[in-house]
There are 2 protein chains.
Amino acid sequence: MKHSSVQETVEFIGTELSATLEDYLECVAMLAAGQRVVRVKDIAKSLGITMPSVSAAIVRLREKGLIDSEKYGYIELTPQGAALAERVCRKHSFLADFFHGVLRMDRKSANSEACRLEHHLSPEACRQIYRLVEFHRDQAQSETPWTGELREILDEKPLSELKEGDRAVIRRVAVEGALRKRLVEMGFRKGEKVRVVRYAPLRNPLELELKGYHISLRVEEARGIIVRQVGDEPEEE
Amino acid sequence: MKHSSVQETVEFIGTELSATLEDYLECVAMLAAGQRVVRVKDIAKSLGITMPSVSAAIVRLREKGLIDSEKYGYIELTPQGAALAERVCRKHSFLADFFHGVLRMDRKSANSEACRLEHHLSPEACRQIYRLVEFHRDQAQSETPWTGELREILDEKPLSELKEGDRAVIRRVAVEGALRKRLVEMGFRKGEKVRVVRYAPLRNPLELELKGYHISLRVEEARGIIVRQVGDEPEEE
DNA sequence: AAATAATGTTAGAGAAGCCTAAATTTATGT
DNA sequence: ACATAAATTTAGGCTTCTCTAACATTATTT
Ligand SMILES: [Mn+2]
Ligand SMILES: [Mn+2]
Ligand SMILES: [Mn+2]
Ligand SMILES: [Mn+2]
């Protein structure tokens with residue numbers, strides 16, 4: 001109701017949504033999948049935005065024929081809206097797979113990364129990333145050596161980036177000179193296990209556990225110790 | 001001049017630029033590298049934006065202490081501005097490497113892709129992609145088999161996506177039934193070379209050259225023929 | 001069946017970013 | 001030097017997206 005005549009489904013061309021509106025659509029789709037009905041309140045909560053802003057966004061989406069709702073009522077996607085939401089979700093999902101599965105970021109970061117990028121990727125880039133993810137999964141499954149090598153590289157990070165409670169194995173001490181000598185003498189050697197016990201209030205120094213002893217290190221020093229995080233990520237696929 | 005006291009360089013915290021402003025900064029840096037002076041006109045032309053809009057953006061950037069310029073005068077980056085621009089450029093550059101070098105997109109698409117995404121990637125994602133690019137380059141250099149396999153996969157595209165004049169080798173016919181039989185009988189077989197002679201005004205049908213003969217195909221039919229583009233991309237690294 | 005609470009909409013405002021049209025300033029040519 | 005051209009800024013307007021405060025509707029209690 002609004003368009004007068006033919007070609008409502010065919011006229012699918014001028015469908016260029018802003019990143020924001022795509023997120024609203026995606027959000028509605030996800031909520032709809034988990035609940036009977038979707039309300040302004042749910043969207044507001046889920047996106048961390050006030051209800052009036054959501055209300056206004058819903059109006060914009062309704063004008064584009066992507067959402068169907070009546071005043072004070074439930075919110076539903078039109079078929080067109082659902083189709084678009086589905087597209088966004090697919091992008092989100094395989095981008096998250098890329099960041100988590102291939103690039104080894106934790107699920108949460110991978111998701112937020114995906115949700116920021118999903119609106120800016122061209123279809124071609126999507127396709128190529130999708131293929132890369134699939135290829136990588138196949139190769140990882142057949143345990144080709146290169147996927148292991150890559151993982152080793154990707155899992156390296158400076159000790160200073162761990163969070164409280166994280167455990168890691170030391171890979172190398174990436175500083176030279178006196179500091180290196182000091183660190184090595186303290187026991188920071190390849191293969192050794194460390195655990196972050198606690199950050200001081202200002203994140204400096206940080207307290208570590210190494211071979212049963214507790215050691216304090218300044219963040220600048222910890223930055224030079226390259227570790228491989230361990231124990232995390234219970235692979236909740 | 002504006003901030004009254006200490007810590008102008010140290011206070012580097014609240015430096016969250018919008019995607020737009022990052023692009024302005026990047027643009028100024030690039031122009032500055034290629035010319036003696038940068039003017040509003042140059043930026044406007046380079047970004048495809050009107051001069052008044054650029055003027056306004058310059059004001060916003062000057063307020064943030066990232067650009068130094070006086071009315072009707074040249075535009076320069078402050079040290080802080082240059083530092084930020086440099087960061088954006090680095091992101092752009094290795095993202096472009098990712099899309100071109102790893103994902104096999106053509107340079108132009110890779111660049112525009114990179115320039116859209118560069119503003120939305122977290123530092124962690126940046127680092128991981130950077131590592132992936134490096135790893136891939138090393139592996140491709142030592143000609144490991146998997147990089148070749150991956151390339152084969154990434155280079156596949158439907159015949160319908162080629163542009164006029166493009167040449168390609170057929171990899172497979174990805175349809176079943178009568179249409180498949182017809183296409184195969186016409187000569188669309190694995191290993192055969194094709195060239196796109198011309199698209200009809202409405203992009204349908206498209207005229208192809210196959211084994212010296214000219215053949216017309218509807219786009220829907222061409223979509224089912226998976227090819228590997230060839231001859232393009234003179235590797236202008 | 002009120003009264004109260006929860007939810008949703010309206011009104012109004014502000015920041016970013018874009019535009020066109022109209023000054024204003026600087027550069028250039030004779 | 002002065003007229004003209006080019007570049008820049010100002011002024012004013014528009015869209016998108018956000019917010020708070022106030023009002024309206026719907027749901028829940030009592
Ligand atoms: Mn998103
Ligand atoms: Mn998303
Ligand atoms: Mn950019
Ligand atoms: Mn860029």
Describe, in one word, how the ring planes of A/H120 and B/H120 are oriented to each other, choosing from parallel (under 30°), tilted (30 to 60°) and perpendicular (over 60°).
parallel
In whole angstroms, the gap separating P of C/dA16 from CG of B/L61 amounts to 11 Å
| When we call it a touch if two heavy atoms are under 4.0 Å apart, what does A/T20 touch: a base, just sugar-phosphate, or nothing? | sugar-phosphate
- B/D42 side chain vs B/R39 backbone, donor-acceptor pair below 3.5 Å: yes
Here the distance between atom C1' of C/dA11 and atom CE of A/M51, to the nearest Å, is 16 Å
Looking at B/T50, I'd like to know whether one of its side-chain N or O atoms comes within less than 4.0 Å of OP1 or OP2 on C/dC19.
yes
Ranking A/Y74 and A/R60 by the position along DNA chain D of their nearest nucleotide, the one closer to 5' is A/R60
In whole angstroms, the gap separating C1' of C/dG17 from CD1 of B/I43 amounts to 15 Å
Does B/D106 form a side-chain hydrogen bond (donor to acceptor under 3.5 Å, both in side chains) with B/S109? I'd like the steps, not just the answer.
CA-CA 6 Å; B/D106 67 79; B/S109 315; 2.9 Å; yes
Taken to the nearest whole Å, NZ/B/K64 to C1'/C/dG17 is 13 Å
Value for CD1 (B/I153) from CG (A/D138), rounded to nearest 0.5 Å, stands at 7.5 Å
Tested for salt bridge (Lys or Arg N to Asp or Glu O under 4.0 Å) against A/R228, the lone hit among A/E156, A/E161, A/E152 is A/E152
When rounded to the nearest 0.5 Å, the distance separating CG of B/L61 from CG of B/L21 is 4.5 Å
B/E63 atom CD is separated from C/dA16 atom C1', nearest whole Å, by 12 Å
A/R62 atom CZ is separated from C/dG8 atom C1', nearest whole Å, by 12 Å
Comparing A/Y24 with B/V54, nearest DNA chain D nucleotide closer to 5' gives the residue B/V54
- prompt: Is the phosphate of C/dG8, meaning OP1 or OP2, less than 4.0 Å from a side-chain N or O of A/R39?
  reply: yes
- request: Determine: side-chain N/O of A/K41 to OP1/OP2 of C/dT7, distance under 4.0 Å, yes or no.
  value: yes
From CD of A/E70 across to P of C/dT9 the rounded distance in Å is 11 Å
Per salt bridge (Lys or Arg N to Asp or Glu O under 4.0 Å), B/D97 is matched among B/K91, B/R137, B/R107, B/R90 by B/R107
At a 4.0 Å cut-off to heavy atoms of chain B, the contacted part of DNA chain D spans D/dA7 to D/dT10
Rounded to whole Å, the CG-P distance (B/L47 to C/dG17) equals 13 Å
